[in-house]
2 protein chains.
Amino acid sequence: MTNKIKAELIAGKLTEYEQLSKIYDDVIKQARPRLTVEGQGKILLALADEDHLSQRELATRLGMSPQSTSEFVYKLVKYNLVTLTKSPNDRRINLVNLTSAGREEIESAAQEVPPFIRVLSDTELDQLSSLLTKITTAMYTDIDAANSTLGIKLHKLFSSRYLKQFKK
Amino acid sequence: MTNKIKAELIAGKLTEYEQLSKIYDDVIKQARPRLTVEGQGKILLALADEDHLSQRELATRLGMSPQSTSEFVYKLVKYNLVTLTKSPNDRRINLVNLTSAGREEIESAAQEVPPFIRVLSDTELDQLSSLLTKITTAMYTDIDAANSTLGIKLHKLFSSRYLKQFKK
DNA sequence: CAATTTATTCAGGTGCCCTTACTATATATT
DNA sequence: AATATATAGTAAGGGCACCTGAATAAATTG
């Protein structure tokens, strides 16, 4: 098998994994909607990293339009997961603040280990970890090359989220 | 590091990969919308596996509602990627058929290897391949346990798609 | 043949995201 | 100070992927 074919195979398998993962979440886990890393979940994620950000700043960090940010923030306000306060320095600015319920929502979303991971041995877990790290590092590099600010922000976001356990 | 922590770490990394992957597609590849494995793309995928299916059958294989299926099929008709023909045996049935343009769309979507894969050595590709296979196999098992028909259909779909290169 | 099942469509809704205005508020320029 | 311009956010409307509930039309079945 040539390397090119092999790479294509992996690309396919990665895609398969991603697609399956969505279905898996639907079928197996009863994933709570606000805890995905989209829309409202994205906002919570960014606030978990740093609270009291302006909507503008959230939009920038998350790489989405301020209008969408506004929409999701508004929804989170409705669910009492965040509050809005006007910045005292600049009254144009709406600071977005996590409520205790919001903080709880994030906490409870802490790493749930999907059942399928059980099939990997300790050694395999190590291998996978190192491979994933290589891949994501390369992805960050590419994203960074295309849009340096976004790349950095995302990296920060994800590491604060997914490496949390080491900080404890 | 205990095995539990390790598993959590991997779970996090997998999530990170999935999230990054979305962003990566947006930022790096200028992914053609109809070729994703959602909505219209899902329909094309199923038709690539087997042409001339009824909408009902498509809905079942893809695990989505017949109404959604109808919507996406209709869109594909608008784009001239599929046509509809009434079944001669049962005039309630609309058979969905790929047009040559539709077939072309699928062909051209053939495995594009994302640039980040370049960072893996040959050995690492092999490792990753075997790990992913273990994971997806476990996922199929779990999905199957929850909903056996869906699991089987999906497996068929994905293998015909991603293992295509071996058949050639 | 009437009753029921089946395949599809219609209507309407949710969530995520975008673009194009438009409104405050701040800051810079004259 | 007065005006111009930049900035934070809102409003309105649209697209895409789904979903549910209710209609319709064509089987199938008793």
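Residue numbers start from 1 in every chain, and the chains themselves are labelled A, B, ... in the order their sequence lines are given, proteins ahead of strands.
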Between side-chain atoms of residues 58-65 of chain A and protein atoms elsewhere (two or more places apart, or another chain), which donor-acceptor pairs fall under 3.5 Å?
from: Thr60(A); atom 1: OG1; to: Arg56(A); atom 2: O; distance (Å): 2.9
from: Arg61(A); atom 1: NE; to: Glu57(A); atom 2: OE2; distance (Å): 2.7
from: Arg61(A); atom 1: NH1; to: Glu50(A); atom 2: OE1; distance (Å): 3.1
from: Arg61(A); atom 1: NH2; to: Glu50(A); atom 2: OE1; distance (Å): 2.9
from: Ser65(A); atom 1: OG; to: Ser68(A); atom 2: N; distance (Å): 3.1
from: Ser65(A); atom 1: OG; to: Ser68(A); atom 2: OG; distance (Å): 3.0

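Rounded to whole angstrom, the span from the CG atom of Leu45(B) across to the P atom of dA17(D) amounts to 14 Å. Here dG15(D) presents its P atom at 9 Å from NZ of Lys78(B), a figure rounded to the nearest Å. Taking atom OH of Tyr74(A) as the reference point, atom C1' of dA8(D) lies 19 Å away to the nearest angstrom. Between the NZ atom of Lys86(A) and the C1' atom of dT10(D) there is a distance of 10 Å, rounded to whole Å. Lys42(B) places its NZ atom 16 Å from the P atom of dC16(D), with the value rounded to the nearest Å. Gln40(A) places its CD atom 13 Å from the P atom of dT14(C), with the value rounded to the nearest Å. In this entry the distance linking CE of Met64(B) with C1' of dT20(D) reads 16 Å, nearest Å. Ile93(B) places its CD1 atom 13 Å from the C1' atom of dT28(D), with the value rounded to the nearest Å.
Looking at Tyr17(B) and Glu18(A), their side chains do bring a donor and an acceptor atom within 3.5 Å of each other. No side-chain N or O of Asn80(B) forms a donor-acceptor pair with one of Thr99(B) less than 3.5 Å apart. Defined by atom type and a distance below 3.5 Å, a donor-acceptor pair is present between the side-chain atoms of Tyr140(B) and Glu16(A). Checking Lys13(B) against Thr133(A) by side-chain atom types alone, a donor-acceptor pair falls below 3.5 Å.
The hydrophobic cluster containing Ile93(B), built from Ile/Leu/Val/Met/Phe/Trp/Tyr side-chain heavy atoms closer than 4.5 Å, also comprises Leu95(B).
A donor-acceptor contact under 3.5 Å links the side chain of Glu71(A) to the base of dC17(C).
Here dA17(D) is the nucleotide among dA17(D), dT10(D), dC17(C) with the atom lying nearest to any side-chain atom of Phe72(B).
The side chain of Lys75(A) contributes no N or O atom lying less than 4.0 Å from OP1 or OP2 of dT14(C). In terms of phosphate contacts, Ser70(B) brings no side-chain nitrogen or oxygen within less than 4.0 Å of OP1 or OP2 of dT8(C). Between Tyr79(A) and dG15(C) there is a side-chain polar atom (N or O) within less than 4.0 angstrom of OP1 or OP2.
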For a side-chain hydrogen bond (donor to acceptor under 3.5 Å, both in side chains) check, start with the C-alpha distance between Ser54(B) and Asn94(B), then their side-chain angles and the critical distance, and finish with the verdict.
CA-CA 6 Å; Ser54(B) 70; Asn94(B) 257 340; over 6 Å; no
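For DNA chain C, the residues of residues 52-62 of chain B within the heavy-atom distance limit of 4.0 Å (strictly under) are Ser54(B), Gln55(B), Arg56(B), sorted by number.
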Strictly under 4.0 angstrom, non-hydrogen atoms only: write out the protein contact profile of nucleotides 19-26 of chain C, one letter per nucleotide from the 5' end, B, S or -.
BBB---BS
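Residues in residues 75-86 of chain B take part in these salt bridge (charged side-chain N to carboxylate O under 4.0 Å, His left out) pairs, two or more places apart or across chains: Glu71(B)-Lys75(B).
Under the ring pair (Phe, Tyr, Trp, His ring centres under 6.0 Å) criterion, Phe116(A) pairs with Tyr24(A), sequence neighbours left out.
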